[in-house]
> 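Dumping the structure here so I can ask a few things about it.
Throughout, a chain's letter reflects where its sequence line sits, starting with A, and its residues are numbered from 1. Worth saying up front: this structure is predicted, and the values here are computed from it rather than measured.
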Number of protein chains: 2
Amino acid sequence: MLALLEFLPMRIPRRRERERADRERLIVRAAQELAETEGWDAVTTRRLAAEIEYSQPVLYSHFKGKDAIMAAVAVQGCAELAAELRQARASVSGTRERLAAVAGTYTSFARRRPALYDAIFTRLVDLPSATEEAPAPHREAFGELLAAVQPVTAEGEDTGLLTETFWAGLHGLATLTRTGRLPPEAHEGRLALLITHLMRG
Amino acid sequence: MLALLEFLPMRIPRRRERERADRERLIVRAAQELAETEGWDAVTTRRLAAEIEYSQPVLYSHFKGKDAIMAAVAVQGCAELAAELRQARASVSGTRERLAAVAGTYTSFARRRPALYDAIFTRLVDLPSATEEAPAPHREAFGELLAAVQPVTAEGEDTGLLTETFWAGLHGLATLTRTGRLPPEAHEGRLALLITHLMRG
DNA sequence: CTCTTGTTGCTAGCGCTGCTAGAAACGCCG
DNA sequence: CGGCGTTTCTAGCAGCGCTAGCAACAAGAG
């Protein structure tokens, strides 16, 4: 009865909901493209509004502010990273090979897509990860590293902790190299050292 | 003769030069204090000008822009880091103890003085290090790490490269922990793992 | 078909940023 | 004391993130 009465009127709100969700995806996609092509400095609310062909305040009806838009880009970008890591790990066999594949993919991602990497790991201080549980893509990406590290865990060592340390090494190499603090030529050598010492020689 | 003629008139410019240098130090010190007490977001050119009790444009007669001021703070801050590292390394003996002391001091510096650490290692992309030789304090700080790592270099390994990798690990731990991406409780455990694996078990 | 109602998106504007042009004030010299 | 060169300030530009308040629209009622 009640359901029947509501059925027809319900279709309209549904469509509008869908359109709203579409526009939200449009915003995130535009922000990501703009950031990746011209850097985050070029991602201003005005520019972004022009890009999606809506006015500025529309952005604020979807996101609390610019940081929230960056966070959305970061979460989506992290899903891409996780996918690349998964593929890298699956594409080779052998403990060291897998570690090398995952490590190479990770730092290559940071080099190829610096804006995205920055959004995920250096820019935002208040990604949900801090307060509550990290968003799914983050856990997924970390899970890929963990799976690669798991076989080299020594007795008495905690795989999670070891993976975190390995991750920190990768993150340090990625960021220090990209900002010109480490010479890029020797990057492969440093990666090899990191993996060798992770496997304890 | 010429020198005698120039002697007296020279005294005035000298004094002005000295006063200018004093004011420049004042600016850098004010910027550092403001950044360390209220964060870099609070360091605006207006606020900084008010702090040193001069008008805004005075800043631009000393530095090309805000970034140049941050760079000056970074270089000076790096000298402080280098001094702490030197003291840490000198205060203990034994290979592992020295590595632990240096590593602990490094990450502790990043935790205790986040604004300074950010200026040195994450914020500025155009520190002189990228284009020409790194500024002295940077080389000095790196030298401390290198001295601590040197004894654990294995045959066929390059100490410099190994130090860079170790540094990347420290930097990764420092930044990921400070931004809430790694839980701080397990920090010591990760540090221990890093050192253990650096010494290859 | 017209009128009312509620939502949606817009225009305009606030207070702030880094930075700079041109005027004013200062200190030095003859 | 008068003129000159430097130093420093006032005032303003363009752009930022963000928001209040109005206009235009779509949907239902008579």
Side-chain angles (χ1 to χ4, degrees), chain A residues 4-28 30-31 34-35 38-73 119 123-126, chain B residues 5-28 30-31 34-35 38-73 115 119 123-126:
Chain A
L4 197 65
L5 278 172
E6 278 175 355
F7 184 69
L8 243 164
M10 264 318 228
R11 292 183 65 92
I12 302 292
R14 286 280 163 80
R15 194 204 64 206
R16 312 199 89 161
E17 264 179 47
R18 215 168 47 231
E19 286 171 353
R20 250 192 91 79
D22 283 350
R23 198 174 57 182
E24 192 155 316
R25 273 188 291 274
L26 182 65
I27 292 171
V28 175
L34 199 48
E38 305 187 33
W40 280 108
D41 285 351
V43 184
T44 69
T45 55
R46 275 167 246 265
R47 180 76 190 277
L48 193 51
E51 215 74 38
I52 63 169
E53 295 183 296
Y54 279 96
S55 73
Q56 242 183 320
V58 165
L59 301 173
Y60 294 89
S61 75
H62 287 273
F63 298 95
K64 194 185 166 191
K66 195 191 166 181
D67 283 359
I69 298 177
M70 284 188 56
V73 173
R123 293 225 165 210
L124 289 173
V125 177
D126 278 334
Chain B
L5 277 171
E6 280 176 353
F7 183 68
L8 244 163
M10 267 317 231
R11 292 184 63 92
I12 303 291
R14 285 280 161 79
R15 193 205 63 206
R16 310 199 88 162
E17 264 179 48
R18 215 170 45 231
E19 287 172 352
R20 250 192 89 79
D22 283 350
R23 198 174 56 183
E24 191 155 316
R25 274 188 290 274
L26 182 65
I27 292 171
V28 176
L34 199 48
E38 305 187 32
W40 280 109
D41 284 352
V43 185
T44 69
T45 54
R46 274 166 244 268
R47 179 77 188 278
L48 192 51
E51 215 74 35
I52 62 169
E53 294 183 297
Y54 279 95
S55 73
Q56 246 184 317
V58 166
L59 301 173
Y60 294 88
S61 76
H62 288 273
F63 299 95
K64 194 185 164 193
K66 194 191 166 181
D67 283 359
I69 298 177
M70 283 188 57
V73 172
R123 291 225 168 210
L124 290 174
V125 177
D126 279 334

> Rounded to the nearest angstrom, tell me the gap between atom CG in Leu59(B) and atom P in dC19(C).
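Going from Leu59(B) (CG) to dC19(C) (P), I get 10 Å.
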> Do Val73(A) and Met70(A) make a side-chain contact, defined as non-hydrogen atoms from C-beta onward lying under 4.5 Å apart?
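No. Closest side-chain heavy atoms not under 4.5 Å.
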> Would you kindly compare Ala42(A) and Pro57(A) by the position of their nearest DNA chain D nucleotide and give the one closer to the 5′ end?
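Nearest-nucleotide comparison on DNA chain D picks Ala42(A).
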> Using the side-chain heavy atoms of Ser55(A), tell me which of these nucleotides is nearest: dC16(D), dG18(C), dG9(C).
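The listed nucleotide nearest to Ser55(A)'s side chain is dG9(C).
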> Could you please name the option among dC9(D), dC10(C), dG18(C) that lies closest to any side-chain atom of Gln56(B)?
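The answer is dG18(C).
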> Please report the shortest heavy-atom distance between Val28(B) and Ala72(B), naming the atom on each side.
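For Val28(B) versus Ala72(B), the nearest heavy atoms are CG2-CB, 3.8 Å.
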> Rounded off to whole Å, could you give me the CG-to-C1' distance for the Asp41(A) and dT17(C) pair?
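In whole Å, dT17(C) C1' lies 13 Å from Asp41(A) CG.
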> What is the distance, rounded to the nearest whole Å, between atom CG of Leu26(A) and atom P of dG9(C)?
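The answer, rounded to whole Å, is 13 Å.
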> Return the nearest nucleotide to the side chain of Tyr60(B); candidates are dT20(C), dC10(C), dC9(D).
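Nearest nucleotide to the side chain: dT20(C).
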> Establish, with yes or no, whether the OP1 or OP2 oxygen of dT17(C) is under 4.0 angstrom from a side-chain nitrogen or oxygen of Thr44(B).
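Yes, because at least one side-chain N or O of Thr44(B) sits under 4.0 Å from OP1 or OP2 of dT17(C).
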> Does atom CD (Glu19(B)) have a neighbourhood of more than 12 heavy atoms from anything else shown, all under 6.0 Å?
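Count over threshold, so yes.
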> Looking at the side chain of Arg46(A), which of dT8(D), dG13(C), dG9(C) is the nearest nucleotide?
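Between dT8(D), dG13(C), dG9(C), the one nearest the side chain of Arg46(A) would be dG13(C).
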> Looking at every strand, decide which applies to Arg23(A) at a 4.0 Å heavy-atom threshold: base, sugar-phosphate, or nothing.
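Sugar-phosphate contact only - Arg23(A) comes under 4.0 Å of backbone atoms but never of a base.
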> Over how many whole Å does the gap from Glu19(A) atom CD to dG9(C) atom C1' extend?
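So the CD-C1' distance, Glu19(A) to dG9(C), works out to 14 Å.
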> So Tyr60(A) and Thr45(A), do their side chains get closer than 4.5 Å, heavy atoms only?
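With C-beta onward as the side chain, the pair touches.
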> Would you tell me if any nitrogen or oxygen in the side chain of Thr45(A) comes within less than 4.0 Å of OP1 or OP2 on dC18(D)?
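False: Thr45(A) side-chain N/O out of range (4.0 Å or more) of dC18(D) OP1/OP2.
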> Nearest-nucleotide wise, let me know which of Lys64(B) and Tyr54(A) is further upstream toward the 5' end of DNA chain C.
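It is Tyr54(A) whose nearest nucleotide is closer to the 5' end.
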> Give the intermediate values and the outcome of salt bridge (Lys or Arg N to Asp or Glu O under 4.0 Å) for residues Glu51(A) and Arg47(A).
CA-CA 6 Å; Glu51(A) 215 74 38; Arg47(A) 180 76 190 277; 3.5 Å; yes
> Distance check needed: dG9(C) P versus Glu24(A) CD, whole Å only.
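Going from CD in Glu24(A) over to P in dG9(C) covers 13 Å.
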> Name the residue closer to the 5' end of DNA chain C, choosing between Glu53(A) and Asp67(B) according to the nucleotide with the nearest heavy atom.
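Its nucleotide being nearer the 5' end, the pick is Glu53(A).
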> Can you tell me how far C1' of dT19(D) sits from NZ of Lys66(A), to the nearest Å?
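Whole-Å distance recorded here is 17 Å.
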> Calculate the interatomic distance between Arg47(A) atom CZ and dA14(D) atom P; express it in whole Å.
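So the two atoms are 19 Å apart, to the nearest Å.
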> When the distance from CG of Leu48(A) to P of dC18(D) is rounded to whole Å, what number comes out?
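Distance check: Leu48(A) CG to dC18(D) P gives 12 Å.
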